[in-house]
Structure formats: C-alpha cells, structure tokens
Amino acid sequence: MNSNRKVFLFLFSFFLFISQSISAFRINGKECFVCHDTLFFTFNPDTMYVDSAFQDCRINGMSCDKVALKVGNYKVTDSTGTKLLIITSLPLLDIKVKSDSYLPNYKCDTCEMARVDARLLDARGEEKFSEALMKVRGAASSQYRKKSYTFELVDSTGKDYDTDWLGLTRGDGKYMLNAMYKDHSLMRNKVLMDIWNSFSPVHYLEKEPEVINGQRNEYLEVILNGTYNGIYTLGDKINRKYMKLKKYDDEKNKYKGLLFKSTQHDYYLYDREEASDSALTWLGCYEAKYPGKEGISGFPLLKKWLVMAKNNEFVPDVDYDFRNIVDYTIFINIIHAIDNERKNFYFACYNYNKEPKFFVIPWDLDSTLGRDYLGNEAPTELSDSTLLQFIAAFEENAFKSNLCFAVKRWNELKVGVLSPDSLGARLDSLANYIIASGAHKRNIKRWDCAKNGVYVDNDVEYIKNWYAKHFVTFDTYMSQFKDFEHAPRIVGYVEPTETEFGYSGDSVCFKCGKLFKEGEVLPMLPVINTSLCDNSAEKVHVHLADGLLTVENASGNIEVYNSLGDLIARRNANQSTCVIPLPGNDVYVVKVGGETHKVVSVK
C-alpha cells in the first residue's frame with residue numbers, strides 16, 4: 001500500500017471517528033439532544049437501541065449491547081471523554097434562536113418575535129422540525145427568572161405552519177410554553193383545564209364537534225440555546241381559529257365571531273365609559289382579540305352585553321349561555337380561583353349576526369387550589385358569606401337567575417369530576433408521570449424554585465387536603481338554596497290530525513329539566529262532512545301570535561286555561577274581535593261559548 005493511500009485512510013478514519021464522537025450520540029437512529037456536557041433523549045417503550053456507529057462506546061462501564069436503556073441517568077464514555085446521558089419519559093423540545101435574530105429575556109410588546117429553529121421528539125419516537133416565532137409572555141410571570149413564551153410554528157416564508165405537535169392539532173400552529181415557575185405541583189393549570197374541558201362544552205358543539213372550550217396542555221422538557229430550561233407545558237393559544245368562531249363578514253360589514261380577553265380586574269365602569277370600535281383595548285382591562293382590528297374591534301357590542309348583564313336584563317339561552325356561566329361560577333368557586341373573578345378569561349360569541357349568545361372561556365388557572373400567584377398558601381377556610389366574592393356582576397346575576405340549574409349542576413359535578421376522589425386521582429396520575437421522568441428534580445436544580453421544601457409530591461398532598469376542606473364549605477353553601485323559580489315550557493307538543501293522534505306536550509323546566517306535568521294524548525280530529533255543515537253563522541277564529549291571543553266572531557264568555565289547567569284569563573265577547581295578552585310559552589285551551597280551541601306558543 002503506497003504512502004498516499006495510507007495517509008488518505010488515516011485521515012478518513014480520523015474524520016469518521018470525530019463525526020461519530022459521543023457529542024453526536026444516536027439512539028433509535030436519532031441524535032440525542034446536546035446540552036453542554038449532557039445528552040438528552042426521550043424514552044420509547046417500543047424500542048431503545050444505540051446506533052451501530054457507537055457500539056464501541058461504554059455505558060456505565062459496560063458495552064452498549066449489554067445495557068437496556070430505561071428512564072434514568074447514564075454515563076457514556078469513549079476515547080474523547082464522558083458525558084451524562086439522561087433518558088426522560090417526557091417529550092423534548094430543543095430551541096435555537098437564529099443567528100440573525102434576538103430573543104429578549106423580558107416582555108416586549110413592541111419587539112419583533114424572535115425567529116428560532118425547533119426540534120421536537122416525543123415518546124412515540126416521532127421527530128419533528130420547524131421554524132417558529134417566539135417571545136416572552138405573561139403579566140406578573142414575565143418578571144420571573146424562568147420565562148413563559150408565546151410559541152408559533154411557521155414555514156420558511158413566515159406563514160402559519162400547522163402540524164400535530166403532541167396531539168395538539170389546531171390549524172395554525174400557535175401555542176404557549178407555560179413555565180409554571182410558582183406552581184410547586186407543576187400541574188394546577190393543566191389538571192384544572194383538563195377537568196373543565198371534560199364537563200363544560202361549547203353550546204355550538206353540534207355545529208363544530210371538534211371545539212374544546214378551554215386550553216389543552218402537554219408536558220415537555222425544553223432546551224433553549226444549548227441550556228436546559230426545565231419542564232414546561234405546551235398549550236393551546238385561544239383564538240378565533242381554535243374556537244372556530246365565524247369570520248367577520250367584510251362584504252356586508254357584519255359582526256359574526258367575537259373574542260375579547262379580560263386582562264385586569266374591572267371595576268364595573270362599562271356602563272359609564274364609552275366603547276369605541278376604533279380602539280383595541282377598553283377600560284384598560286379588555287383586549288379585542290377578534291376581529292381585533294381598528295374600526296371593527298367590537299367593543300360597543302361587548303359593552304351592550306355587559307350593561308345588560310349588570311342590570312340583569314339579559315335572557316337565558318338568548319343573550320348568554322347560562323349553562324356555561326353557571327359552570328364557570330361553580331368552577332372558580334370550588335377551586336378558589338382568586339385571580340379569575342374579573343380577569344384571566346375570554347368572552348366569546350360564535351356568530352353574533354345569527355345568535356348573539358356570549359360565553360366564557362377560562363384562562364391561566366395557576367392561582368388556585370389553595371395557593372396564590374406567588375405560590376403562597378391561600379386561606380383554607382372560607383365562610384359561606386364570602387364564597388361569592390369571586391363572582392363578577394354578570395356571573396352573579398346569571399347564577400342567581402338560574403339557581404334551579406345551578407343546584408342540579410352542582411349535585412351532578414360534586415359526585416363526578418369535581419369530587420375530591422376524582423381530583424385526587426388526576427393529581428396522583430400526573431404526579432407519578434412527572435416524578436417518574438425525573439424532570440421535576442432537574443427543574444428545581446435549574447431554577448432553585450422549591451420554596452420551603454415544597455416539591456411536587458408534598459404539594460399534591462397539600463392540594464388534596466385543602467380541597468377536601470374547601471369542598472365541604474362550598475357544598476354547605478350550595479345546600480342553602482332550596483326555594484328557587486323554575487322556568488316551565490311545553491316540550492313535545494304534536495298537533496293531532498284526522499289520521500294521527502297528537503300530544504299536548506310535557507311541562508318541563510327548560511333550565512334544570514324538572515318535569516311538572518306529563519302531557520296527554522290528543523284525539524284525532526273528526527272527519528267533517530262539509531255538505532252537512534250549517535254555514536249560515538260565521539265561524540269563530542282563534543289564533544295566537546307574538547304573545548297576543550285573538551278571538552274573532554265570538555259570542556258570550558271567553559276563558560283561557562294554561563297547560564296546568566289554571567284559568568289565566570276571562571273576557572266577555574262584547575265585540576267582534578277580542579285580543580288577550582298571554583304570559584309566555586305554553587299550550588293554551590280557549591273556551592268560547594260551547595267550543596273548545598287549543599293554541600300553542602312554543603319557543
């Protein structure tokens with residue numbers, strides 16, 4: 001072999017060795033995440049093997065083929081040195097800010113979002129790459145050492161890039177990275193959003209079956225610019241696309257979908273302060289998120305609704321989704337959401353043009369379950385008289401106006417998803433998941449954020465003990481509501497014909513579903529031989545429209561009965577036409593002389 005060939009083979013072998021050093025250590029065909037002298041990889045329960053190019057490396061002093069890699073810490077050694085290998089059960093997200101971009105370590109609303117390259121590896125072994133835009137987010141949380149971020153996937157041209165990251169398919173690739181810096185359990189926002197999403201759907205679910213009325217969150221560990229940044233949750237950003245609100249009609253200049261965010265505690269000034277379509281903020285506490293443009297912010301519509309709510313002039317299931325408001329009122333009380341009474345939620349409307357029905361979407365549930373936004377213990381004992389201090393005016397009116405449904409709803413939820421046992425099981429499951437990964441210890445070491453020795457496990461026990469006491473207090477409060485007004489309506493009415501029986505309909509409370517009176521089968525109409533009829537006298541005509549009963553060609557007394565058999569009106573027909581106002585939706589029996597007529601007013 002000549003000398004030139006020997007030199008070539010030596011150099012080739014040298015560069016091959018360098019390229020396969022442990023800094024490029026590969027498992028399952030994928031490079032580990034590099035963080036200074038530490039390698040990270042996500043455990044895949046189906047397969048874990050070291051690539052053949054690294055079989056000469058030693059793991060904990062043994063050959064690679066002798067080690068069954070599991071979640072845990074290992075020492076990987078080759079001739080160049082030793083690195084720590086951490087196998088975690090959580091997905092890993094590696095973020096590198098592009099060389100020509102800048103990510104400020106503070107909240108800057110006027111700064112451009114930093115452009116970054118992102119790589120994700122999940123527990124299924126799926127690896128994804130994307131460019132993204134990123135910036136610090138949050139109010140008080142933006143001052144913490146560990147930052148939360150807005151995180152938006154984009155393509156090479158800067159446009160929204162939609163992909164399925166951790167199962168959070170949403171259509172526009174817009175997410176939040178929540179740091180959970182002051183939450184010792186690392187799970188308050190996630191577990192409570194999971195609970196809320198499990199029992200309180202949007203009222204338009206039949207039209208948009210994929211919509212969830214709250215944020216979804218998944219855990220991961222983040223490496224930022226080569227430095228371990230701790231455990232985060234990747235969560236949904238609430239916007240028009242995520243909620244599938246209808247788009248603004250540019251051609252007809254008509255509002256459809258509306259979305260507003262409450263960012264500060266309001267002081268009920270909305271009945272005195274003007275609301276302009278040209279402004280994107282109002283009263284210093286509301287932000288226009290959709291349409292969210294100057295000239296079409298939608299604030300006059302929000303003000304109109306809030307004033308109606310404050311004055312208790314709104315109509316359930318017409319102006320607002322009373323089920324949603326009752327759910328939210330119960331929810332923020334039972335979890336003691338001290339920072340969510342008048343802020344940290346969204347007002348939304350699916351299609352204002354066709355159905356101006358507002359509803360609430362919760363947000364940022366960290367200051368809950370016995371701790372405040374600084375992570376300090378909140379009061380564990382509340383008197384019955386102070387429980388509703390967390391209800392803003394619109395919620396209080398809606399809550400008190402719908403007590404029959406609220407009591408029924410609480411009685412359902414307290415033995416289901418809001419029971420202490422149910423919450424405890426969710427907390428234990430998440431705690432086991434986090435602790436088994438080892439991420440909570442790495443997070444504490446990185447940020448020194450364990451206050452007074454409070455860690456995931458003992459904060460979970462604190463939550464369970466706190467919730468058990470608070471649950472009794474709130475249940476006692478709800479038990480005082482025994483007398484409340486129902487809202488009966490007739491449902492299931494069927495008009496009889498000459499060939500089919502009818503049904504008078506059931507009298508049911510449309511709010512809580514209580515049955516007051518079952519309906520009756522209505523006989524078929526008689527077949528009339530018109531050739532035998534005496535047409536000499538004018539027929540009596542009875543019809544109902546817009547709450548007004550009109551009787552024409554009547555003689556003698558007119559009596560009107562509701563579906564419960566109560567006489568509600570009596571008139572003497574002393575003129576050819578008699579008009580009688582009726583109180584609401586029902587089936588009415590009208591007796592005119594010797595004739596009986598039925599009319600129906602059903603919403």
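Computation of the quantities below employed the complete heavy-atom set of this structure, encompassing side-chain atoms and omitting hydrogens, waters and symmetry-equivalent molecules.
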> Have N239 and D172 got a donor and an acceptor in their side chains that come within less than 3.5 Å?
Replying inline: yes

> Do you know which of D459, N376, D183 makes side-chain hydrogen bond (donor to acceptor under 3.5 Å, both in side chains) with R371?
Replying inline: D459

>> Hydrogens and angles aside, do T88 and E221 bring a side-chain donor and acceptor to less than 3.5 Å of each other?
In response: yes

> Within a strict 4.5 Å, meaning less than it, do heavy atoms of the T368 and H336 side chains meet?
Replying inline: no

> So, for Y455 and H184, is the gap between ring centers shorter than 6.0 Å?
Replying inline: no

>> Could you go through D339 and N344, starting from their C-alpha distance and side-chain angles, then the distance that decides it, and tell me whether this counts as side chain to side chain donor-acceptor pair (under 3.5 Å)?
In response: CA-CA 7 Å; D339 208 27; N344 288 328; 3.2 Å; yes

> With distance as the sole test, does R119 use its side chain to make a donor-acceptor pair with the main-chain N or O of K128 at under 3.5 Å?
Replying inline: no

>> Is it the case that the side chains of D78 and T80 hold a donor-acceptor pair, with the cut-off being a distance below 3.5 Å and no angle test?
In response: yes

> When the ring centroid of W196 is compared with that of F345, is the distance short of 6.0 Å?
Replying inline: no

> Going from CD1 on I59 to SG on C64, what distance comes out if it is rounded to the nearest 0.5 angstrom?
Replying inline: 4.0 Å

> Are L374 and Y144 close enough that some pair of their side-chain heavy atoms sits under 4.5 Å apart?
Replying inline: yes

> For L258, which of Y248, Y350, Y352 qualifies under side chain to side chain contact (heavy atoms under 4.5 Å, CB included)?
Replying inline: Y352

> Does the side chain of Y149 reach to within under 4.5 Å of the side chain of N178, using non-hydrogen atoms?
Replying inline: no

>> Using side chain to side chain donor-acceptor pair (under 3.5 Å), reason through D475 and W410 one step at a time and then give a plain yes or no.
In response: CA-CA 8 Å; D475 189 43; W410 169 242; 2.8 Å; yes

>> Applying side-chain contact (heavy atoms from CB on, under 4.5 Å) to E152 and Y161, what does each step give before you reach the verdict?
In response: CA-CA 8 Å; E152 302 179 359; Y161 173 57; over 6 Å; no

> Hey, is the main chain of G416 close enough, under 3.5 Å, to the side chain of S419 for a donor-acceptor pair?
Replying inline: yes

> Ignoring hydrogens and geometry, is there a side-chain-to-backbone donor-acceptor pair from E208 to M243 under 3.5 Å?
Replying inline: no

> Less than 4.5 Å apart, any side-chain heavy atom of Y204 and any of F359?
Replying inline: yes

> Do the non-hydrogen side-chain atoms of I195 and R426 ever get within less than 4.5 Å of each other?
Replying inline: yes

> Can you find a pair of side-chain heavy atoms, one from Y232 and one from Y219, that are under 4.5 Å apart?
Replying inline: no

> Do you know which of Q215, M193, K190, R188 makes side chain to side chain contact (heavy atoms under 4.5 Å, CB included) with L365?
Replying inline: M193

> Is it the case that T157 and D155 place a side-chain donor and acceptor less than 3.5 Å from each other?
Replying inline: yes

> Cut-off 3.5 Å, side chains only: do D122 and W165 have a donor facing an acceptor?
Replying inline: no

> Would you say the ring centroid of F54 lies under 6.0 angstrom from that of F25?
Replying inline: yes

>> I231 vs R442, test: side-chain contact (heavy atoms from CB on, under 4.5 Å). Steps then yes/no.
In response: CA-CA 8 Å; I231 185 171; R442 291 188 286 275; over 6 Å; no

> With side chains defined as the heavy atoms from C-beta onward, is the minimum distance between F151 and M176 less than 4.5 Å?
Replying inline: no

>> Using modelled atom types and a 3.5 Å cut-off, is there a donor and acceptor pairing between side-chain atoms of K135 and backbone atoms of L103?
In response: no

>> Quick check: F40 with F33 (ring centres under 6.0 Å apart)?
In response: no

> If you measure from CG on L280 to NZ on K289, what distance do you get to the nearest 0.5 Å?
Replying inline: 10.0 Å

> Is there a side-chain contact between V154 and R115 (heavy atoms, below 4.5 Å)?
Replying inline: no

>> To the nearest 0.5 Å, what is the distance between CG on L192 and CG on L418?
In response: 9.5 Å

>> Distance check, rounded to the nearest 0.5 Å: Y346 atom OH versus F358 atom CZ?
In response: 15.5 Å

>> So does D428 get a backbone contact from the side chain of N432, meaning a donor-acceptor N/O pair under 3.5 Å?
In response: yes

> What distance do N60 atom CG and Y74 atom OH have between them, rounded to the nearest 0.5 Å?
Replying inline: 7.5 Å

>> Using a 6.0 Å cut-off, check whether atom NZ of K441 has over 12 heavy atoms from anything other than its own residue.
In response: no

